[in-house]
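As structure tokens, the structure follows; a few thoughts come after it.
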Amino acid sequence: MQEADRDQTDATAAVFAQHRRLLFAIAYRMLGSATDAEDIVQEAFVRWLQAAPAEVQSPKAFLSRVVVHLCLDQLRSARARREEYVGPWLPEPGATHTAEELAETAMLEQLGPLERAVFLLRDVFDYDYAEIAAIVGKSEANCRQILHRSREHLRERRQRFDVSPVEQERITAQFLQATMRGDMQGLLRLLSDDVVFVADSGGKAPAGRKPVRVRENVARGMVGFLRLIPAGLRARIAMVNGQPAIVGYVDGQLYGVMFVEIVGERVGRVYTVLNPDKLAWLSAQAA
């Protein structure tokens, strides 16, 4: 009997493992935190074990519903904490694949929890409306309306540009070199006129507490930013989950990650994460 129970538990865990990557992706894009996403997935596993899985017709639908509802609960309770967050908020680096996804995840902060869930399930994870309705507990017609509002809200904020990996790495490397040399003219040549620099420190590292806009201001800010960084910083280009990024170390410890978003042939957005709490997951993956 015990052996049969073990076999059943193993089979139940194997079914969950088939969907784990999808569940983590949903939770990460909902929450913008790899650490929180891991916690959500683990809680979903516990609930899966308690749910008599043999009687579940669609494990994917069941698990997606569990993860989305856990994320919705967390987002609603997190809103007050976000309002108290010091400076701009960006998702944790490491779980996102591109600067575009980083930007999109940050933009999703403009949506309410339910709008975010419907938008992601449909436009990112390609669930059909019947599946979405079952997951979020709304009618299909209501989900269509929610998605339409979400798309309208984000349309003006979303910019997509196709940049080859070689070009991305080349411009990122030039940006790093110009910044480390304090080369104002070099930076001005690389930056678009309406470039935006956003630094997320959570008040735990030296950084401006508001986004910096316009080419001249960003270039001056990058040069001035060097004066705030601890002595001994070593920066290099590294692949951070599929994209060239600037990774900085101080005394062998990860200090910050910078993503450069290319607009046309110039740098249009710079996203920098300095909050040590948000670097812990990436540091652990690199260890």
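Index from 1, following the sequence. Just so it is clear, the model here is predicted, and its values are computed rather than measured.
Residues Glu167 and Ile262 fail the side-chain proximity criterion, which asks for heavy atoms closer than 4.5 Å. Under the 4.5 Å side-chain criterion, counting only non-hydrogen atoms from C-beta, Ile246 is in contact with Ile237. For the pair Glu261/Tyr271, a side-chain contact is recorded, criterion being any heavy-atom separation below 4.5 Å from C-beta on. Side-chain atoms of Leu187 and Thr179, non-hydrogen and from C-beta on, do get closer than 4.5 Å to each other. Side-chain contact between Tyr28 and Glu38 is absent, with no heavy atoms from C-beta onward closer than 4.5 Å.
In terms of heavy atoms, Val240 sits closest to Phe259 at CG1-CZ, 3.9 Å. The shortest non-hydrogen separation linking Ala219 to Leu188 is CB-CD2, 3.9 Å. Residues Val263 and Gly268 share a closest heavy-atom pair of CG2-CA, 3.5 Å. Closest heavy-atom contact between Gly256 and Leu274: CA-CD2, 3.9 Å. The two residues Ala235 and Leu176 have their closest heavy-atom pair at CB-CD1, 3.8 Å. Annotation for Val198 and Pro211: closest pair CG2-CB, 4.1 Å, computed over non-hydrogen atoms.
In this structure, Arg122 forms a cation-pi arrangement with Tyr129, its terminal cationic atom sitting closer than 6.0 Å to the ring centre and no more than 45° off the ring axis. A cation-pi arrangement is not found for Arg269 relative to Phe197, the charged atom failing to lie both closer than 6.0 Å to the ring centre and inside a 45° cone about the ring normal.
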Residue pair Phe175, Met222: steps toward the side chain to side chain contact (heavy atoms under 4.5 Å, CB included) verdict
CA-CA 10 Å; Phe175 180 80; Met222 291 305 301; 3.8 Å; yes

Gln57/Phe62 under side chain to side chain contact (heavy atoms under 4.5 Å, CB included): CA gap, chis, key distance, verdict
CA-CA 8 Å; Gln57 292 184 345; Phe62 175 88; over 6 Å; no

Side chain to side chain contact (heavy atoms under 4.5 Å, CB included) between Ile146 and Leu114: does it pass, once the steps are laid out?
CA-CA 8 Å; Ile146 293 170; Leu114 181 60; 3.7 Å; yes

Could you please spell out the steps behind the side chain to side chain contact (heavy atoms under 4.5 Å, CB included) verdict for Leu22 and Lys60?
CA-CA 9 Å; Leu22 171 65; Lys60 177 186 174 184; 3.9 Å; yes

Criterion side-chain hydrogen bond (donor to acceptor under 3.5 Å, both in side chains) on Ser64 and Tyr127, from CA distance to verdict:
CA-CA 10 Å; Ser64 298; Tyr127 284 68; 2.6 Å; yes

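Remark: Asp277 engages Lys204 in a salt bridge, criterion side-chain N to carboxylate O under 4.0 Å.
Here the side chain of Arg20 pairs no donor or acceptor atom with the backbone of Val41 at under 3.5 angstrom. Put simply, the side chain of Asp251 never gets that close to the backbone of Gln253: no donor and acceptor are under 3.5 Å apart. Using a distance-only test at 3.5 Å, with no hydrogens or angles considered, a donor-acceptor pair links the side chain of Ser192 to the main chain of Val267. When atom types are taken as modelled, the side chain of Trp48 and the backbone of Val66 share no donor-acceptor pair closer than 3.5 angstrom. Without hydrogens or angle criteria, Glu43 side chain to Ile40 main chain gives no donor-acceptor distance under 3.5 Å. A donor-acceptor pair is defined here as one N or O able to donate and one able to accept, closer than 3.5 Å; no such pair exists between the side chain of Asn142 and the backbone of Lys138.
Atom CG of Asp126 and atom CG of Leu121 lie 10.5 Å apart (nearest 0.5 Å). Rounded to the nearest 0.5 Å, atoms CG (Leu70) and CD1 (Ile26) are 12.0 Å apart. The CD atom of Gln174 sits 11.0 Å away from the CG atom of Asp183 when rounded to the nearest 0.5 Å. Taken to the nearest 0.5 Å, the CG atom of Leu111 stands 10.5 Å off from the CE atom of Met30. Note: Arg116 CZ to Leu75 CG = 5.0 Å, rounded to the nearest 0.5 Å. Interatomic distance, OG of Ser150 versus CG of Leu120, reported as 9.0 Å (0.5 Å rounding).
Applying the 6.0 Å contact sphere to CD of Glu265 captures no more than 12 heavy atoms from other residues, nucleotides or ligands. Within 6.0 Å of the CZ atom in Arg170, the count of heavy atoms belonging to other residues, nucleotides or ligands exceeds 12. Within a 6.0 Å radius of CD in Glu169, other residues, nucleotides and ligands contribute 12 heavy atoms or fewer.
Met184 and Val214 end up in different hydrophobic clusters when Ile, Leu, Val, Met, Phe, Trp and Tyr side chains are linked at under 4.5 Å.
Aromatic pair Phe45/Phe16: ring centres closer than 6.0 Å.
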